[in-house]
Amino acid sequence: MEVPVIQLLSPQPLATFSSTSCVFPAEFKFRSSAARNVTCQASKELQNAPILETSTSSPVTMKRRRQIGYYLSLIQRARDEFPIAEPKQIHAQSIKAGLMDSIVLQNNLAILYAKDLSLLTAACRLFDETAEKGVALYATLVSCFCLLEMWIHALHVFVLMIDEGLLPDKYLMPTIFKACTRLRDLNLGRMMHGLVIKRNLDYDIFTENSLVDMYAKCGSLINSQRVFDMMSRRDVVSWTTIVSAYADMGLLDKAMEIFDSMRKSGVIPDHISWNALIVGFAKNGEMERALKLLEELREDGLNPGISSWNAIIWGCVQNGCLEGALNMFTEMSLAESPNAVSIVSVLSACAGLNALNFGKEVHAYAIKERLSVNSFVCGSLIKMYSLCGKIECAELVFKMTQSKNSAVWNDMIMGYINAGKMENAVLLLDSMEVNGVKPDLKSYHTLLGAYARKGQKDKAFELLIEMDQMDLKPNVVSFNILISGFQHFGLCYEALKLFQGMQMPNKIVINTSKAKRKFPHQVLTEPIKPNAYSISSALSACSDLHLRDKGKEIHGHVLRNSFDSNVIVSSALVDMYVNCQEMSAATKTFQKINKKNTVTWNILLAGHVKNGESETALKLYLLMSRAGFRPNSVTLMILLSASSSLASWTLGKTLHGHIAKLAFTEYKMSLTSALVEMYAKCGSILEAGVVFNQSFQKDVALWNSMISAYANHGMANEAINLFEQLELSGLKPDHITFTVLLSACARVGLVELGWKYFSSVEDKHGIKPTLEHYTCFIRNLCSVGLLDEALDFVKRMPYEPDACVWATIIQGCRVHSNAEIGERAGKALLELEPNNASNYIVLSNIYAMSGMWNSAQDLKNEMRNRGLGTMKACSRVEVNNLAYAFRSGDDFSTEMQPVLKKWTELAKEMESKGYIPQQLCLCVEDEIDPFSCSHTEKIAICFSLVSSHRQTMIRVVKNLRMCSDCHTSAKFISKIERREIFVRDGSFYHHFQDGICSCEDKW
């Protein structure tokens, strides 16, 4: 039964073809351009109008012919005018003259109505009333729906035409393929292609280009390439389409290869061709190569137009170079007038940087140039204002937008989500249809992403079911949103189940808060092939869970499906191996990346630093420099972290100068925070304070870094004063602020003040205290010996105590020699971490200090039975710009004679001043070890004394906590040698000066 076109304005699901035998052929057999053009009689009738409607040439017939010709001429003139002249008058006069039974007149009037989008309803009504419709009428109505992006409606009309027995011409098929492309419906596109071949329809290069594009954007790159290879003639559009296809898939090497082939074939690339490559490289994080392509474009004799500038700005935004995007926009404005695309991109940068004032200036420009009426600009303004905390401005822009399409509604929904107003977002989604706008996939994806990022599995799955009921089948983007959202929230197992399940429907089982139930499999009837984004998110989940084997499994999938050339996927693989502590595999994967960029180098650099291989990271940076890669802000933050871990003040100082010279604008405050942390970890708290005070702009992270620096150096009063300044600055402290503040109080035993700040976390600042906050206050109680109170506090806190809580209590018991509570805490700790050797050692020391030798020996035997070994002590020191490492067990008998001599001299003078060696150890042949307990910080200190200038601070980094003997020795040495000694051990920062340690012997 034929569905009236007027009903398509409230469309039903797309009907299936009556020609169900149209299938996609195994091999294409394209017809030559000389193939006959199949047209219908109605099309000829319109082309040759006016025509005789009877074979009799009576006076009445002649008059009718003249009248029809007259109205057809009026219709033609009305078409030529812009805006189109009012067709209703012509229609009314034709009815009055009794001419509306003319097929020619009906078709032409319907076409005239369809040319005016505001008269679409009238066009559909006249279409239904027209007895015999021609191809031209169908084609016009299809084009009208496509202009309105009503793709389903356009295909409905096309189906009606096929059912009427009319065949499309070569001019209509590209429009139909475009509709399939926009709907991302590969099966429908294949069916349309089969129709062209089966019905032997004529098509030209425009149809072939649309086929290449359709297959590529519907995810069938193989068929896209096959169509391209079989084209008898290719123009610049053909080449650009296939280049874009590979670039969009992240297969940049192949895209570049095809681009070079285009030039060799004699086809000159245009701006769009260049932009396809520039956007592809920019989108995949290859900004350096994108900028290089921009220069090659100039060398090719083309001046970068607005589209090229837009591609670079967009690429900067996509890769987080937001300040670079603002700079490029400013530079472009001197040469070109920004268009709507430019405005949309730069507003995204403003939103990311919270650059409200810059965004307002762009808004003013858009109003001045009448670009603010553009729906995309309106959506970007809504996003910018909402992310800058001005949701009321976003609402005002939304209300003032006259033509609201689904994209604008979606942006407002996202605005409410960004503002934390989920209820408003849901209500707005529900009100879309009431206001005449049908929610699309993006509408649901926006809300789906919000639920996933909040870990609300039930609501996310319910929304999937609602999408299915709305005939919006979840696609690869839907699953990418869920996988990424779950992974970011910490539901990494659920993310991996979805990644696996999207490829195997009906096998997803996820535990929700309601019950253990199957994933709503009705929404996924066919497997969905993961793309680069899916794979990267799954690898991130493996990385978070340290699932090396699962990561290797995905690595195999990457290799089998040729995703290894995608730099984002390859980078995710390197990161996964890094977090699984497989540095060898990470390095091998990194070396196989053909087109490395700064991001990939940064990932491996950070991996070495994270896994305690800072020296290797510095060597890798030298290789990176020799390969021609310039460091960015992230690179320098990684190098600052490396210098911090090594306490390499000289390297940190050099990096500081490098940062000041290059004047980085990206991540400026993050760099400042890294500098503060570096100086603090190198023992230069004064220089850390100078860096902090010289920073004009300070975010909460920077304040936290400085408060933490004071806390780690035992400067509680300075940390507290800085916190009070933070409150006066108008910035809101976060949970990290209170962690470092409570740590500062714990260092010096400020129990009452610590309780005041702990209570204010939720009461005053509205932050729910975390287990870390409770642990900090427990440390505060333990620092002053309130161990019973600490145990009582553990019982009353709303969290189950973890290993860190019990370790904190044990350390308090060690300092205050409380074996009873120490034993209780130790047993709880060993239950949680039975294979952690350090727990046995601390508890054994508590037993030993209390004279419980049998218990201490039992713990040592338990360690031996479990095969647990202690970590080897290692102390590092920098002397004359060179780094030295001293490890326990090394042979120091020959090369270290000057150091041994220095220690012998110091030991004698220390003994004369009251030093008594502790924990004497025997070495070979029962001789007393000259370094007593063999702890390596003594060696590092003595080495520095004989090798460095007397005016320089000695900086030592040790991987384990200092023992009491080494701590006492360092105090004596600082007084005897009149040297400032800084030791950063596994727990505290120790400043030794004039025989006193900053930790007040409470470490």
Side-chain angles (χ1 to χ4, degrees), residues 182-186 216-221 245 247-251 280 283-285 318-320 410 413-414 417 439-457 459-468 472-505 507-508 510 519-521 523-545 550-551 553-555 557-558 561-563 566-573 575-576:
R182 296 299 295 270
L183 290 171
R184 296 295 190 268
D185 193 328
L186 178 61
K217 289 181 178 174
C218 288
S220 182
L221 194 55
D248 288 342
M249 290 289 289
L251 303 173
K283 184 173 68 173
N284 287 280
Q318 291 297 306
N319 291 281
N410 295 341
I413 292 172
M414 178 58 79
I417 291 171
D440 55 15
L441 274 173
K442 181 69 179 294
S443 312
Y444 283 96
H445 283 166
T446 303
L447 204 56
L448 190 68
Y451 286 141
R453 290 189 297 273
K454 291 178 179 291
Q456 297 176 339
K457 294 180 286 185
K459 291 186 176 181
F461 294 160
E462 287 170 5
L463 198 64
L464 283 180
I465 296 172
E466 184 179 332
M467 289 170 61
D468 185 62
L472 295 171
K473 282 288 184 182
N475 55 19
V476 67
V477 177
S478 312
F479 278 86
N480 287 349
I481 290 170
L482 286 173
I483 294 168
S484 176
F486 285 167
Q487 182 263 322
H488 282 293
F489 184 77
L491 299 174
C492 295
Y493 283 110
E494 286 80 356
L496 288 173
K497 287 178 182 178
L498 283 174
F499 176 75
Q500 185 176 3
M502 68 188 289
Q503 305 168 68
M504 294 183 291
K507 291 188 178 181
I508 309 177
I510 295 182
F519 177 85
H521 56 81
V523 306
L524 185 63
T525 56
E526 294 182 358
I528 296 178
K529 186 178 181 181
N531 60 15
Y533 191 88
S534 322
I535 295 169
S536 300
S537 297
L539 286 169
S540 295
C542 294
S543 177
D544 292 343
L545 295 170
K550 184 64 178 179
E553 181 183 320
I554 297 176
H555 193 172
H557 176 87
V558 168
N561 292 274
S562 302
F563 280 107
N566 184 295
V567 69
I568 297 177
V569 173
S570 298
S571 298
L573 278 169
D575 185 62
M576 182 272 296

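Below, each value reflects all heavy atoms present in this structure, side chains not excepted, and no hydrogens, waters or symmetry copies.
- For Lys442, the NZ atom counts as loosely surrounded, since its 6.0 Å shell holds 12 or fewer non-hydrogen atoms of other residues, nucleotides or ligands.
- Of the inter-residue distances, the one linking Cys218 atom SG with Arg182 atom CZ reads 11.5 Å to the nearest 0.5 angstrom.
- Counting only heavy atoms from C-beta outward, the side chains of Val558 and Asn566 never approach each other to under 4.5 Å.
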Under 3.5 Å, which donor-acceptor pairs link side chains of residues 475-485 to any protein atom two or more places apart or in another chain?
| from | atom 1 | to | atom 2 | distance (Å) |
| --- | --- | --- | --- | --- |
| Asn475 | OD1 | Val477 | N | 3.0 |
| Asn475 | OD1 | Ser478 | N | 3.1 |
| Asn475 | OD1 | Ser478 | OG | 3.1 |
| Ser478 | OG | His445 | NE2 | 2.5 |
| Ser478 | OG | Asn475 | N | 3.0 |
| Asn480 | OD1 | Ser534 | OG | 2.3 |
| Asn480 | ND2 | Val476 | O | 3.4 |
| Asn480 | ND2 | Asn531 | OD1 | 3.1 |
| Ser484 | OG | Tyr533 | OH | 3.4 |

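- Considering all non-hydrogen atoms of both residues, Ser443 and Asn410 come closest at OG-OD1, 2.5 Å.
- From Phe461, atom CZ reaches atom CD of Gln456 across 12.5 Å, with rounding to the nearest 0.5 Å.
- Summarising the local packing, NZ of Lys550 is surrounded by more than 12 heavy atoms from other residues, nucleotides or ligands at distances under 6.0 Å.
- Not a single donor-acceptor pair under 3.5 Å links the side chain of Ser543 to the backbone N or O of Leu539.
- In this structure the side chain of Asp468 reaches within 4.5 angstrom of the side chain of Lys473, judged on heavy atoms.
- Glu553 CD to Leu496 CG: the interatomic distance, rounded to the nearest 0.5 Å, is 9.5 Å.
- Between Phe563 and His557, the ring planes are parallel. Angles under 30° get that label, and only those over 60° would be called perpendicular.
- One distance of note links NZ of Lys459 with CG of Leu448; it measures 13.0 Å at 0.5 Å rounding.
- Summarising the geometry of Thr446 relative to Ile413, their closest heavy-atom pair is CG2-CG2, 4.0 Å, with the distance given to 0.1 Å.
- None of Ile568, Asp575, Leu573 except one satisfies the side chain to side chain contact (heavy atoms under 4.5 Å, CB included) rule with Ser536; the exception is Ile568.
- At least one side-chain heavy atom of Phe499 sits under 4.5 Å from a side-chain heavy atom of Pro530.
- Taking His488 as the reference, nothing meets the ring pair (Phe, Tyr, Trp, His ring centres under 6.0 Å) condition, with sequence neighbours excluded.
- Between Arg184 and Leu441, the closest side-chain pair of non-hydrogen atoms is not below 4.5 Å.
- Not counting sequence neighbours, the partners of Glu466 by the side-chain contact (heavy atoms from CB on, under 4.5 Å) test are Tyr444, Leu463.
- Taken from OG in Ser562 to CG in Leu221, the straight-line distance is 10.5 Å, to the nearest 0.5 Å.
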